[in-house]
Structures are given as structure tokens and as C-alpha cells.
2 protein chains.
Amino acid sequence: MTRFALTLEFDGTPFMGLQRQAHGPSVQLAVEAAVQATTGETVTLHAAGRTDAGVHALGMRVHVDVTKEIDAFRLMEALNYHLRPAPIAVLDCEAKPEDWHARFSCIGREYLYRIANRRAPLTLDANRAWQVAQPLDAEAMHRAAQVLVGQHDFTTFRSVHCQAKSPEKTLELLSVERVDQEVHIRAAARSFLHHQVRSMVGCLALVGMGRWREEQVGEALAARDRAALGLNAPSAGLYFVRALYPGE
Amino acid sequence: MTRFALTLEFDGTPFMGLQRQAHGPSVQLAVEAAVQATTGETVTLHAAGRTDAGVHALGMRVHVDVTKEIDAFRLMEALNYHLRPAPIAVLDCEAKPEDWHARFSCIGREYLYRIANRRAPLTLDANRAWQVAQPLDAEAMHRAAQVLVGQHDFTTFRSVHCQAKSPEKTLELLSVERVDQEVHIRAAARSFLHHQVRSMVGCLALVGMGRWREEQVGEALAARDRAALGLNAPSAGLYFVRALYPGE
């Protein structure tokens with residue numbers, strides 16, 4: 001048995017999420033089917049993160065265990081062949097020690113959120129960004145974001161469906177930057193609560209529009225109450241960028 | 001009657017091209033229908049350039065003549081409303097003098113061609129770039145491209161369906177640059193022949209792969225023979241970027 005770590009890029013638009021769902025297509029189901037088509041084996045995919053319907057990945061890390069003798073490059077090529085036409089690509093494939101685990105060995109996760117700050121509807125970037133017509137003050141958003149960095153109880157920014165044992169997380173980075181007509185929000189932490197990034201982005205967007213004072217982000221955090229959330233940003237703007245592992 | 005200049009962005013994937021076709025959807029048909037829905041008038045759209053099926057635009061300029069009294073901003077908003085869900089957006093709308101013509105007043109056209117130089121199939125950039133698995137030498141491509149700059153007979157790089165009277169064109173710019181995993185080719189001229197950019201890109205890609213010597217681009221040009229063309233690059237990587245007009 002060999003444990004293979006895969007780096008996946010996917011367009012989340014047609015999927016109900018990364019993880020297998022009872023009803024509807026998922027990235028997990030598509031990759032497991034591609035492994036079965038390649039090796040004849042029924043495998044279970046484990047991922048660094050769960051992503052919601054419509055959320056994209058530039059570099060999601062997952063692993064599968066394969067009994068058949070196959071080298072990493074051939075496995076990658078075969079998976080990419082069998083994944084077509086699903087918008088999932090294996091960017092990298094590597095044999096790992098059996099105690100390496102895509103989820104439990106992961107020590108850092110990075111997300112990017114793209115806001116298209118323009119009046120016109122999106123065409124080439126439809127389903128790739130959140131279109132916000134009102135001009136956003138990215139510098140105010142960045143300042144307001146800094147109160148969230150560090151170790152906090154993020155109950156306000158947590159989905160009611162979140163399965164994490166504790167609402168305490170340590171946010172390592174939350175930066176906001178204007179890039180031409182877009183506003184990019186980057187978030188990094190060891191791990192995140194369900195909906196945490198989208199909830200933080202939603203509140204920062206309210207600051208950017210001038211509908212919230214900068215201080216209201218800290219007040220929402222201190223409330224530790226989901227009802228204090230201003231806005232949950234839509235899934236289409238969110239990208240899982242990278243998962244970090246010891247020694248990589 | 002007011003002549004309105006529109007700046008259009010569109011995803012060319014679902015269209016048979018910008019210009020009206022007997023069979024199938026076109027950008028022209030969609031915009032003309034949106035004008036009719038807004039004003040009740042039957043108009044004819046004139047564009048700075050014709051684009052093939054699958055070719056995109058970041059800033060195509062077109063014009064329509066409208067009799068109804070309407071200001072430019074309201075027209076833009078109404079067109080964007082009626083264009084949904086077609087992937088066409090009006091980025092700008094401006095009243096122009098009646099002798100301003102989107103096609104005949106245009107003194108410059110700029111294109112971008114995106115090559116995704118990677119082994120894995122495209123997901124988020126499917127239909128947005130040409131995927132070339134073989135590593136490309138962008139510097140060699142740039143050097144080879146310079147023989148095409150200037151005034152030449154571009155018969156080799158011209159579709160057999162091209163309707164231009166003369167195969168003589170003056171290419172002002174043809175640059176090739178690596179941007180991370182992509183290779184970007186930019187082309188500028190007063191006007192282009194049908195398929196000229198895609199044909200030039202196809203030959204430069206052969207140079208980038210090492211299948212053509214750099215000098216072969218000049219030899220193909222000198223042949224003045226479509227049969228000397230190495231490769232016509234696919235439409236999905238091509239973007240009409242900008243049209244230039246006197247005094248803008």
C-alpha cells in the first residue's frame with residue numbers, strides 16, 4: 001500500500017462541496033471514481049480542508065491509499081485523464097510515509113477571497129469572484145481586519161453547522177489589498193471554523209462600503225454571537241490556496 | 001438620434017463570434033436584443049473588430065444609434081439588466097458625435113493571447129487559455145516574434161476566409177512574456193487580418209517548444225503562403241483588449 005498526496009485545483013461551481021454528499025456531485029466522489037478507474041480499488045479520500053459548494057481550490061491537498069503498484073507520475077496522469085471533463089486537475093502527486101495525513105498532519109491553511117469591485121456584472125469572472133458594485137475602501141478594511149488576528153473565540157464568525165469542538169482559533173494573517181478593480185483578502189491559520197473566512201469577509205465588506213464603522217468588527221467578535229454577524233460573503237469568491245505540512 | 005459608444009466585456013465561449021451569424025448565438029444579436037428590450041428600437045451594432053467563436057473581449061468598442069431620449073448611464077444599466085444571463089457586460093457607455101464610428105474611426109487594436117504552460121488540464125481557466133504541456137521558451141518566442149513587427153504581406157498568417165482587400169498590414173507590437181505558469185503574447189496594430197493573431201501565436205509556440213528554429217518565423221512570413229503556417233492557435237486563449245480612437 002502506498003499513500004499518495006495529491007495537490008488538487010478545482011472549479012467548485014458544479015460541486016456541492018469537496019466532501020462527499022448524499023445527494024449531488026462532490027470533488028471527493030469524482031477523485032475517488034478516477035482512482036477506481038485507474039486502479040480498480042475503492043479508496044477514501046482525505047483532504048486538508050472541507051470546502052462548501054461553489055468554493056474553489058488552487059492547491060488543495062488530499063491523500064489516497066493505493067495497493068496497486070504504480071508510480072506517482074503515472075497515477076497523476078491517469079487521474080487527470082479519468083477526471084475529464086470534471087473541472088478538477090491533479091497538479092502534483094507524491095508518495096508519502098503511511099503516517100502522513102492530508103488532514104491531521106496539516107499545520108496551516110491559506111485562503112484567498114476575491115471581490116470584483118465594479119458596477120458591471122461579471123462575465124469572464126462569473127462564479128469566480130463576488131461582485132460588489134459599491135466602491136470599497138480596502139485600506140479601511142485592512143485596518144479593521146487586524147482586530148481579528150490572534151487567538152479568539154470566533155463564535156460570531158462560525159456557521160451553526162460547524163462541527164469543531166471549540167470556537168477558539170488562532171488567526172495568523174488577515175490582509176486586505178486592492179489589486180486594480182479587485183479587492184483581495186488573504187487569510188491564514190492552522191485551521192478555520194466552518195464559514196469563518198466568508199463571515200469575516202462579509203463584515204469587512206460592510207466596513208469597506210462605509211456601512212460599518214471599523215470598530216464594529218471587534219464588537220462583533222466580542223459579542224460571540226452569530227446574530228452579531230453582518231454578512232456572510234458568497235462562496236464563489238473563496239479559494240483554498242495552500243495547505244502547509246511540517247518539513248515542506 | 002444619439003450615437004452611443006459601448007465598451008463590452010464578454011466571455012466568447014457560448015457565442016459563434018461577435019458578429020451576427022445565420023445560425024447560432026452571437027454577441028451582436030444579444031446586444032441588439034438588449035437595446036430593443038430597453039428602447040423598443042431595432043438597431044444595428046457596429047464593432048471595432050470581428051471576433052471568432054470562443055474569442056473573448058476585455059474592452060471591445062461598439063456603437064448603436066438610439067432615437068429614444070435616454071442618458072448614457074441609464075442605457076448602460078438597462079443593457080446590463082437585459083443582457084443577463086448572457087456573459088456580456090457593458091463596462092462603459094458614452095454619447096458620441098454622429099460621425100464617430102466604432103469600426104471606421106478606430107486607429108488601433110490590441111490583443112492578448114494567454115498560454116497556460118502546464119501539464120495539468122485547466123479547471124478555473126478552462127476556455128480562458130490555451131493549455132500547452134511542453135515547456136515554452138518565452139524569450140526565444142519573443143526574439144522570433146520581432147521579425148513580424150513592421151509592414152509586411154501577412155498572407156501566411158491569414159485565414160482563407162479573410163475578407164480584407166490587401167494582405168499588407170503594419171504590426172506595431174508583438175511581445176512575449178512569461179508570467180508565472182503562463183506565457184502572454186501581446187499584439188497591437190491599426191488592424192489585423194482574420195486569424196492573424198492566432199496564426200502568429202501558433203508559429204511562436206512552435207519556436208517555444210523547440211520544434212521550429214527562430215528563423216523559421218521569418219521564412220514563413222517570406223513564403224506568403226498559408227501552407228507555410230505551422231499552427232493556428234485555438235480561439236479560447238485570445239482576448240480583444242482595447243480599441244484606440246483619435247483624441248481618446
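Order of the sequence lines sets the chain letters (A, B, ...), proteins ahead of strands, with each chain counted from 1. What you see below is based on every heavy atom in this structure, not just the backbone, and it leaves out hydrogens, waters and symmetry mates.
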Are there donor-acceptor atom pairs under 3.5 Å between chain B and chain A, and if so which?
from: B:Glu9; atom 1: OE1; to: A:Arg118; atom 2: NH1; distance (Å): 2.9
from: B:Glu9; atom 1: OE2; to: A:Arg118; atom 2: NH1; distance (Å): 3.3
from: B:Glu9; atom 1: OE2; to: A:Arg118; atom 2: NH2; distance (Å): 2.9
from: B:Glu9; atom 1: OE2; to: A:Thr123; atom 2: OG1; distance (Å): 2.7
from: B:Glu77; atom 1: OE1; to: A:Arg119; atom 2: NE; distance (Å): 3.2
from: B:Glu77; atom 1: OE1; to: A:Arg119; atom 2: NH2; distance (Å): 2.7
from: B:Glu77; atom 1: OE2; to: A:Arg119; atom 2: NE; distance (Å): 2.8
from: B:Arg118; atom 1: NH1; to: A:Glu9; atom 2: OE1; distance (Å): 3.3
from: B:Arg118; atom 1: NH1; to: A:Glu9; atom 2: OE2; distance (Å): 2.9
from: B:Arg118; atom 1: NH2; to: A:Glu9; atom 2: OE1; distance (Å): 2.9
from: B:Arg119; atom 1: NE; to: A:Glu77; atom 2: OE1; distance (Å): 3.2
from: B:Arg119; atom 1: NE; to: A:Glu77; atom 2: OE2; distance (Å): 2.9
from: B:Arg119; atom 1: NH2; to: A:Glu77; atom 2: OE1; distance (Å): 2.7
from: B:Thr123; atom 1: OG1; to: A:Glu9; atom 2: OE1; distance (Å): 2.7
from: B:Leu124; atom 1: O; to: A:Arg128; atom 2: NE; distance (Å): 3.3
from: B:Leu124; atom 1: O; to: A:Arg128; atom 2: NH2; distance (Å): 3.4
from: B:Arg128; atom 1: NE; to: A:Leu124; atom 2: O; distance (Å): 3.3
from: B:Arg128; atom 1: NH2; to: A:Leu124; atom 2: O; distance (Å): 3.4

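- Residue contact with chain A, scored on non-hydrogen atoms closer than 4.5 Å, is absent for B:Ala86.
- Between B:Val90 and A:Ala120 the shortest heavy-atom distance is O-CB, 3.7 Å.
- For B:Leu58, the part sitting under 4.5 Å from any heavy atom of chain A is the side chain, from C-beta outward, and nothing else.
- The most heavy-atom pairs under 4.5 Å with chain A, out of B:Ala126, B:Gly12, B:Pro85, B:Pro121, come from B:Pro121.
- Within the 4.5 angstrom heavy-atom criterion, only backbone atoms of A:Ile88 (N, CA, C, O) approach chain B.
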